[in-house]
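Just so we're on the same page: letters track the sequence lines, and every chain starts at 1.
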Amino acid sequence: MSCFISKYADELTKNAAYIGTPGKGILAADESTGTIGKRLSSINVENVEENRRALRELLFTAPGALQYLSGVILFEETLYQKTASGKLFVVVLKEGGVLPGIKVDKGTVELNGTNGETFTQGLDGLAQRCQKYYEAGARFAKWRAVLKIGANEPSELAIQENANGLAMYAAICQQCGLVPIVEPEILVDGPHDIKKCAEVTERVLAACYKALNDHHVMLEGTLLKPNMVTPGSDSPKVAPEVIAEYTVRALQRTVPAAVPAIVFLSGGQSEEEATLNLNAMNKLQTKKPWSLSFSFGRALQQSTLKAWAGKEENVKKAQDALLVRCKANSEATLGTYKGDAKLGEGAAESLHVKDYKY
Amino acid sequence: MSAFVGKYAEELIKNAKYIATPGKGILAADESTGTIGKRLSSISVENIESNRQALRELLFTSPNALSYLSGVILFEETLYQKTSDGKPFVEVLEDNNVIPGIKVDKGTVEIAGTNGETTTQGFDSLGARCQQYYKAGARFAKWRAVLKIGPNEPSELSIQQNAQGLARYAIICQENGLVPIVEPEVLTDGPHDIQKCAAVTETVLAAVYKALNEHHVLLEGTLLKPNMVTPGSDSPKVAAEVIAQYTVTALRRTVPPAVPGIVFLSGGQSEEEATVNLDAMNKLDVLKPWTLSFSFGRALQQSTLKTWAGKKENVAKAQEAFLSRCKANSEATLGKYGGGSAGGLASESLYVKGYKY
């Protein structure tokens, strides 16, 4: 094959396919310590390890929620944390039929000579880290590359560097038994229209899949985590059906059928927007050889966070809110969401933060 | 979009989709004058225009055969020829819902500094020629790029050159209303095994689709004409199911779902081999977002040619042979081929080392 067949090939293929199970998706709970700090401060909660642990316990033990999830992405600290009663989070997840995943990148740094474009760090010692994470129970990984749309962006340099970085990361993950989620996020920031976003997305995805081929990555053992194709944040909104049409077409033009599933990031979309858009895509009558699901962070946790507000007595209320979003998104992967999810406070709130950094 | 959406966009999409109709495929009857000369001489027929016209008339007027075809690729001379009753071939095809296509490349030339690798000519005035062909009734085009497998082949240079050439040809076609068939043929010549062919095919196809994206080609208005993934000609043969597995895996890894149809070339395979392999692919229980069909030259015409032998009195029998292959391949596109149409001629290998059109 063009691709390198790692000793984990069958396991990677099986796990990637499992994550793409219709009706399930991914909870992105991999906020770095700095980023989770911003979330916690928005609800006046101190950013200490115990609070970070308490939040994640709330999420992973929410009754009924895990059945709608095939995977949860964790930050390194969380991979080793336990419930209050002493059970490892990874065990809680595994018992709930959920694969633990791990964020392995180390954030972005600027590309010299560009207009604020970036590439992603984290390749040094990556293989060793992946092996450790596999031993700790992780079975997939995530690496976020970031591109922006501007007058001269994304530049060919930014596209090549980020595509190449994603491909190197993916190849290393596969050698260590972790399914790589390939995430080339094109930020929504800007006044551009949906056509421009589509054009850039197609160009970026084509470069990614060429790079993955060059690096001998086995596509059957990967997942894609792209942005949806939408108008820029400073542009008028469009209907979910329009977003669905442009998004699925961009994917049809660039993502080979060997990729088992596509799990969208939510960007700055509100919880409800993200769900409605995903639903519209799954209703679309057109060729979709990969399943279309979610890998949401903010768009799954926003109302939950607000309901919790850091208080023990709110845990049940918060867990109910999470269940509502999980169920809604599960239905969206099947195209059966009717938009009737009990909207928690903040579910319709835009989560867009200009020039968002993790 | 990333793709160029010109005035012909809807028509291109419609025609590409029609050519990819399940149950139908393409007859590649675009042999250049030199190449058809070799075919004719193999049955002791003189290579003059009237004989070339007679052969193509035999094919295009075969009763019921056209119902199994969605397209026929023609050589330039044939685009302007008529039946002996004076009806333009193009009209005969159109009347039977077969889309006329046209070979637009001008053959291969060696790339200096490589070990016999080639690039394809044909860009000069290509746009203007496409316009002419469109006026004459053509609605799709074909351009053959050739790559070979060797210890250091295909080289990165050869892959890039041929991928870029195919992409440039494709966009020029689309600007002028012709659906481009993208044909990156990896030759079977060699002692390599099927895994090697698969690796090379995947690398080449990935480069081709990257180039098509760079050149803003509208994938929904294209077709792919690849080689099947097989062992090299000097290697032991394998079962059709194995060929199907490796071929479909390679395509699933590289060909975006936006492409409506994949129409295989037959390379040096016998008529029966080509049909059985295509059938096995369509029987394979795996998700295939494009139709899998045929664009066969030799593998559709071999027995027909031999049966005809240039004699008027053999025409009806020759047409029956042709109908038989068309029907067999139609069934193969549906995974319903039951075998049994293999006469002695149909099993004859058509492999020619270092094959040049």
Side-chain angles (χ1 to χ4, degrees), chain A residues 1-5 9 13 17 20 156 159-160 163 167 193-222 229 245-262 286-292, chain B residues 1-5 13 17 20 154 156 159-160 163 167 186 193-222 229 245-246 248-262 286-292:
Chain A
M1 300 303 112
S2 192
C3 71
F4 167 74
I5 303 294
T13 302
E156 190 57 27
I159 294 176
Q160 280 313 312
D193 61 16
I194 193 170
K195 289 189 158 76
K196 178 70 180 179
C197 178
E199 181 200 314
V200 171
T201 302
E202 288 172 28
R203 208 169 127 218
V204 168
L205 289 178
C208 284
Y209 282 97
K210 179 63 165 70
L212 289 170
N213 180 277
D214 289 343
H215 286 257
H216 311 294
V217 176
M218 185 184 73
L219 295 187
E220 292 86 345
T222 66
V229 176
E245 189 194 321
Y246 277 84
T247 304
V248 175
R249 185 166 58 205
L251 300 168
Q252 286 173 334
R253 289 173 172 177
T254 53
V255 185
V259 176
I262 297 175
T286 185
K287 282 192 285 192
K288 288 167 288 184
W290 356 252
S291 55
L292 298 177
Chain B
M1 298 309 108
S2 202
F4 166 69
V5 179
I13 294 172
K17 201 151 174 255
E156 188 58 24
I159 294 174
Q160 280 311 312
V186 176
D193 60 16
I194 193 169
Q195 279 91 347
K196 177 71 180 173
C197 178
V200 171
T201 301
E202 289 174 26
T203 301
V204 168
L205 289 177
V208 168
Y209 282 97
K210 179 65 167 67
L212 292 173
N213 177 276
E214 285 166 15
H215 287 254
H216 310 294
V217 176
L218 178 70
L219 293 187
E220 294 86 342
T222 65
V229 175
Q245 181 71 38
Y246 277 87
V248 175
T249 298
L251 299 169
R252 277 171 49 87
R253 288 173 171 175
T254 52
V255 185
V259 174
I262 297 177
V286 79
L287 203 153
K288 292 162 279 186
W290 359 251
T291 59
L292 298 178

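Across all non-hydrogen atoms, the minimal contact from A:Lys210 to B:Ala207 is CE-CA, 3.7 Å. Counting all heavy atoms, side chain and backbone alike, A:Val255 lies closest to B:Pro257 at O-CD, 3.1 Å. Between A:Arg203 and B:Asn213, the closest heavy-atom pair is CA-OD1, 3.9 Å. Of all non-hydrogen atoms in A:Pro256 and B:Arg252, the two that sit nearest each other are CB-O, 3.1 Å.
For B:Lys288, the NZ atom sits in a packed shell: over 12 heavy atoms of surrounding residues, nucleotides or ligands are nearer than 6.0 Å.
If you take CZ on A:Arg253 and CG on B:Leu212, they are separated by 12.5 Å, rounding to the nearest 0.5 Å. Put simply, CG on B:Leu219 and CD on A:Gln252 are 10.5 Å apart, with the number rounded to the nearest 0.5 Å. Distance CD/A:Glu202 to NE2/B:His216: 11.0 Å, rounded to 0.5 Å.
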Worksheet item: Where do A:Asn213 and B:Arg253 land on the side-chain contact (heavy atoms from CB on, under 4.5 Å) test, with the steps shown first?
Response: CA-CA 9 Å; A:Asn213 180 277; B:Arg253 288 173 171 175; over 6 Å; no

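Neither the backbone nor the side chain of B:Val286 comes within contact range of chain A; no heavy atoms are under 4.5 Å apart. With a 4.5 angstrom heavy-atom cutoff, B:Leu218 touches chain A only via side-chain atoms. Contacts between B:Glu220 and chain A at a heavy-atom distance below 4.5 Å involve the side chain alone, from C-beta outward. A:Ala207 touches chain B through backbone and side chain together, each having a heavy atom under 4.5 Å away.
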